[in-house]
Amino acid sequence: MINSINSAAELIAQADALIVAAGAGMGVDSGLPDFRGNEGFWKAYPALGRARLDFSSIASPHAFRDDSALAWGFYGHRLALYRATVPHPGFALLRAWGERTEHGASVFTSNVDGQFQLAGFDPQRVLECHGSIHHLQCMRPCGTDIWRADGFVPDVDADACRLRNAPPACPHCGGLARPNILMFGDGEWLERRAAAQEARMQAWLARVRRPVVVELGAGTAIPSVRHFSHSIVQRHGGRLVRINPREPQVPGARDVGIAMGALDGLQAIAAAMEQR
Ligand SMILES: [Zn+2]
């Protein structure tokens, strides 16, 4: 373990660009609930447990059509939670490491919580592959507009998981608005915003020469983040530091796996950097 932590510190010190690739495990150390498995999910949302609604059932356009107060109860609660969450100190470590590199840091995340922007990362350097809870779109949708959710303050009955106030409306057709998040069985997600983020990421990647990917809390169950990390290694000559308490295995001998949680792993690397 000490060897891999020292190797990670070395890789980060030698890189000309830092790429942060984050999955759900990144948020756990900020106190955010883990939706993996029904047990953890229903502990966070007991009303959904009583209704035997799992994550994939409530996180779907069907749930908004079927019972918009319930679906917005779930998403409204999360929106308020993410707005109020203080990102854990690992975010600041990553920012500091990025600032020391020639090209700075970029972020690829499957999280919709907006925590990287909240932690002070440049919004122009964040790619949210599953969208963002801080942005809304029309349910139908009547057009391709995506707008910020700032004006919507959800009032949620947490015991019942129901929205008490009016849900947000589409400014164009007046119909129900929903989060601009890629849900399960979702054919209506508007990807224009994520596509623009992707284009900016690709333009930045074309300039970097020795990127290091620090991947955090990204499991094999939702593989989009791991696919991205591997593409940086394969197509951009990057090196990979994978921090994951349960699945730390890495594909190549030059990559580094650290079997720790996100914050513990980042703090261990920071300590190793100070010893260098
Ligand atoms: Zn509309």
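Whatever order the structure lists them in is the order used to number ligands and atoms, beginning at 1. Along the sequence shown, the residues carry numbers beginning at 1.
When the salt bridge (charged side-chain N to carboxylate O under 4.0 Å, His left out) test is applied to R65, the partners found at least two apart in sequence or on another chain are E188. Remark: R239 pairs with no residue by the salt bridge (charged side-chain N to carboxylate O under 4.0 Å, His left out) rule, at least two apart or across chains.
Between F55 and F35, the ring planes are tilted. Angles from 30° to 60° get that label.
Between H134 and R148, the side chains place no donor N or O within less than 3.5 Å of an acceptor N or O (distance only, hydrogens not considered). Side-chain polar atoms of S224 and H227 form no donor-acceptor pair below 3.5 angstrom.
The side chain to side chain donor-acceptor pair (under 3.5 Å) contacts involving residues 79-104 comprise R78-Y82, where partners must be two or more places apart or lie in separate chains.
Around the Zn ion (ligand 1), the protein atoms of type N, O or S that sit closer than 2.8 Å are C138 SG, C142 SG, C170 SG, C173 SG.
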